[in-house]
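Single-structure report; data block below.
Starting from 1, each residue takes its place in the sequence as its number.
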Amino acid sequence: MKRLIDVAMKREEADLVLKNARIVNVFTGELEEGDVAIADGRIAGIGSYSAKKEEDMSGKILAPGFIDTHMHIESSMMTPSHFGKAIVPYGTTTAVADPHEIANVLGVKGIDFMIKEAESVPVDFRFMLPSCVPATPFEHNGAVIDGALTAEVIGRDDIFGLGEFMNAPGVVFADGDVLTKLESATSARKVVDGHYPSCSPDELNAYSGAGIKTDHECIDTLDALAKIKRGMYIQMREGTATRNLRDLMPIVNKNTLRRCLFCTDDKQVEDLLARGHIDNNIKIAIECGLTPIEAITIATLNAAECYDMTDRGAIAPGRIADIVVIGSFEEFNIEKVFKRGKLVAEGGKALFDAATLEDGSVKDTVHMKEMTLDDVRLPLKSGRVNVMRLLPKNVVTERVTRNVKVKDGYFEYDRDSDISKIVVAERHKNTGNIGIGLVEGYGIKGGAMALSVAHDSHNIIAIGDNDADIVAAVNEIRRVGGGMTAVSGGRVYGTLELPIAGLMSDRGIDYILETTKRLTSYATSELKVADGIEPFMSLSFLSLVVIPELKINDVGLFDYSSFSHIDVEATE
């Protein structure tokens with residue numbers, strides 16, 4: 001503190017001065033002209049300063065480092081160090097990460113791996129303790145984090161808060177274990193994130209009153225505004241499979257702006273490199289009518305205040321010197337990124353290396369017998385069935401009934417139909433569970449795809465238009481110990497191996513990008529996956545039973561409205 005005061009008063013020289021800049025003031029909504037003096041990784045002063053080390057900004061714009069308020073690193077299939085290297089050039093210097101995926105495979109051991117792996121790169125990852133491991137009691141995953149364990153772990157300094165509370169019914173019906181988790185977080189003075197895609201007014205009162213502060217599952221303005229009225233923050237999401245930002249922008253005005261946040265939730269490598277990270281949210285918000293400073297305020301000050309990170313979110317004295325250098329608001333081109341006063345990215349490239357932490361305890365997580373054709377036959381007495389109907393660019397599905405062909409008491413594929421078979425095979429404890437269902441709107445023809453990233457229990461999920469290729473795809477994932485693959489005519493086209501918990505690669509972004517692009521291109525061009533469907537990420541969400549309306553897990557079809565399993569055969 002004394003050093004900062006002395007530099008501010010010009011009694012001591014700063015470590016670095018960024019001169020002749022236009023500085024985004026998120027407190028007043030204006031651009032200030034001046035210099036920024038940095039000492040010991042913090043901002044000492046704004047005004048007129050000099051030092052031995054100076055950098056002339058020549059009128060370029062300085063903004064605070066961007067904050068992603070909710071994301072899952074595992075969805076990128078990169079480890080934290082490689083993910084950090086990927087996002088820093090886009091101006092993201094802090095990310096609130098929910099390691100929900102690896103926790104569902106490995107529990108606290110997986111969370112500890114993520115925390116330790118992230119330490120090697122200049123990004124502040126704030127790791128939440130997942131609140132729903134498993135997400136529901138209606139499926140089988142690899143680990144359990146119950147109320148007692150939550151109470152034991154939530155107070156740790158390296159645990160930032162309680163992750164998205166997907167068990168909304170458990171909250172509104174005051175389940176005892178749920179209350180233990182919430183009360184533990186409140187006692188530890190930790191933020192609790194929400195996840196409630198639709199709720200009644202009374203349910204919203206109960207949910208927000210339980211101390212849940214945010215929600216990233218709003219897909220319409222009425223839902224978003226209702227939550228803001230009850231004191232919650234709305235995380236306007238722009239991910240790979242779920243892009244809700246444009247739909248929610250009409251709620252943003254001078255009265256609601258400060259209750260809005262940005263998040264990405266789930267981003268795949270190709271989408272990240274093509275569109276960017278939180279800077280993409282900012283650009284879209286500007287396109288939708290916000291001023292650049294308003295959009296930057298959402299990405300910085302709002303996020304910092306919501307999560308009680310008073311040491312960042314603004315370019316102001318005493319705050320961490322996380323600074324994004326922007327050439328112009330018109331192009332919104334990020335030229336440089338400083339993290340705690342050190343240049344960490346320039347010209348779209350990170351200026352540091354990433355290396356995967358070697359830890360054998362997070363590998364070898366696929367435990368199941370080899371799948372056979374008999375395992376995936378779907379017995380039917382009639383052809384009237386419940387089907388998951390996909391909605392483009394969304395994780396929400398519709399429950400519909402359709403007529404299908406039946407032969408010798410089993411489902412028969414129809415080449416003229418848009419009905420695909422989907423299976424989920426338990427892979428953690430070799431239970432032998434296999435859930436089987438039907439999907440409309442995916443469009444796959446001439447093969448099958450499978451992956452071990454299947455929210456939230458992360459069993460092996462596969463989809464195809466014939467049983468032989470489905471079985472071959474699942475067995476390929478079993479062989480490599482987790483990954484994603486595409487199969488046609490019994491031939492494996494290609495596989496991205498994900499040896500870390502069956503979720504992440506132990507290699508860098510270039511390998512992941514090249515392999516996923518090749519597999520995705522094959523899925524769309526050769527296997528004819530429908531337009532508007534992101535082949536692998538969309539598939540991974542079809543087992544997310546806490547999202548409406550019909551999903552599938554290793555037990556079978558799951559209906560969100562009744563929060564119970566249902567038969568494939570329709571009774572209505």
Side-chain angles (χ1 to χ4, degrees), residues 24 26 61-73 75-76 78 80 83-98 118 121-126 128 160 193 214 216 233-246 248-249 252 257-288 290-307 309 312-315 320 322-327 329 331-339 344-345 348 350:
V24 173
V26 292
I61 299 164
L62 304 187
F66 307 147
I67 302 172
D68 188 340
T69 62
H70 175 73
M71 46 80 64
H72 304 280
I73 295 171
S75 293
S76 71
M78 291 183 280
F83 186 77
K85 183 178 179 179
I87 64 174
V88 161
Y90 299 105
T92 303
T93 55
T94 301
V96 180
D98 187 346
V121 292
V123 180
D124 288 332
F125 287 108
R126 296 291 183 253
M128 309 293 273
F160 189 61
D193 275 333
T214 68
H216 62 277
Y233 282 85
I234 297 305
Q235 295 159 315
M236 298 189 293
R237 171 175 58 188
E238 194 70 13
T240 296
T242 48
R243 299 174 184 170
N244 309 122
L245 178 52
R246 285 184 172 87
L248 296 179
M249 280 303 299
V252 185
L257 175 77
R258 300 286 276 114
R259 305 302 292 183
C260 297
L261 312 172
F262 289 141
C263 78
T264 60
D265 201 4
D266 301 280
K267 272 269 193 179
Q268 284 194 328
V269 169
E270 187 174 358
D271 182 45
L272 173 63
L273 296 181
R275 291 186 173 88
H277 198 240
I278 291 299
D279 63 316
N280 182 48
N281 295 56
I282 295 172
K283 292 174 184 177
I284 292 172
I286 295 171
E287 290 173 10
C288 292
L290 291 192
T291 69
I293 294 180
E294 287 173 335
I296 289 170
T297 300
I298 292 174
T300 57
L301 183 64
N302 288 10
E305 290 183 346
C306 173
Y307 286 91
M309 293 186 284
R312 66 198 67 202
I315 297 177
I320 292 172
D322 291 355
I323 297 172
V324 180
V325 181
I326 303 167
F329 279 153
E331 296 183 15
F332 212 88
N333 52 322
I334 295 173
E335 297 185 357
K336 297 182 181 182
V337 180
F338 291 86
K339 178 64 185 172
V344 293

Is the closest side-chain heavy-atom distance between [X] and [Y] below 4.5 Å?
X	Y	value
Ile298	Leu257	yes
Val252	Met236	yes
Val325	Ile334	no
Thr93	Phe66	no
Asp68	Tyr90	no
Cys306	Thr214	yes
Leu272	Ser76	no
Arg246	Cys288	yes

Roughly how far apart are [X] [atom1] and [Y] [atom2], rounded to 0.5 Å?
X	Y	atom1	atom2	result
Lys336	Ile326	NZ	CD1	14.0 Å
Asn244	Gln235	CG	CD	11.5 Å
Phe332	Ile282	CZ	CD1	4.0 Å
Asn281	Thr69	CG	OG1	9.0 Å
Thr264	Leu245	OG1	CG	12.0 Å
Gln268	Arg275	CD	CZ	11.5 Å

Among Thr92, Leu261, Thr94, exactly one meets side-chain contact (heavy atoms from CB on, under 4.5 Å) together with Ile67. Which residue is that?
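Option passing the side-chain contact (heavy atoms from CB on, under 4.5 Å) with Ile67: Thr94.
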Kindly indicate, with the supporting measurements, whether the criterion side chain to side chain contact (heavy atoms under 4.5 Å, CB included) is fulfilled by Arg259 and Ile234.
CA-CA 6 Å; Arg259 305 302 292 183; Ile234 297 305; over 6 Å; no
What I want to find out is whether Arg258 reaches Glu305 closely enough, with some N-O distance under 4.0 Å, to be called a salt bridge.
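Looking at Arg258 and Glu305, the cut-off is met.
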Are Asp271 and Arg243 within salt-bridge range, i.e. N to O under 4.0 Å?
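Judged by the 4.0 Å cut-off on N to carboxylate O distance, Asp271 and Arg243 do form a salt bridge.
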If you look at every heavy atom in [X] and [Y], which pair is closest and at what distance?
X	Y	result
Val26	Ala314	CG2-CB, 3.6 Å
Val324	Gly91	CG2-O, 3.6 Å
Ile315	Ala63	CD1-C, 3.6 Å
Ala304	Gly313	CB-CA, 3.8 Å
Ala86	Pro89	O-CD, 3.5 Å
Thr300	Ile296	OG1-O, 2.6 Å

If the condition is salt bridge (charged side-chain N to carboxylate O under 4.0 Å, His left out), which residues does [X] pass it with, not counting sequence neighbours?
X	result
Asp265	Arg237
Lys339	Asp124, Asp322
Glu294	none
Lys283	Asp279

Non-neighbouring partners of Ala285 that pass side chain to side chain contact (heavy atoms under 4.5 Å, CB included), sequence neighbours left out:
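Residues passing side chain to side chain contact (heavy atoms under 4.5 Å, CB included) with Ala285: Met249, Phe262, Leu290, Ala295.
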Using a distance-only test with no angle check, is there a side-chain donor-acceptor pair under 3.5 angstrom linking Asp193 and Tyr307?
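Judged by distance alone, the side chains do pair up.
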Could I get the full list of ring pair (Phe, Tyr, Trp, His ring centres under 6.0 Å) partners for His216, not counting sequence neighbours?
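For His216 the ring pair (Phe, Tyr, Trp, His ring centres under 6.0 Å) partners, ignoring immediate neighbours, are His70, His195.
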Over 60° means perpendicular and under 30° means parallel, so classify the ring planes of Phe83 and Phe125, tilted if in between.
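Phe125 and Phe83: tilted rings.
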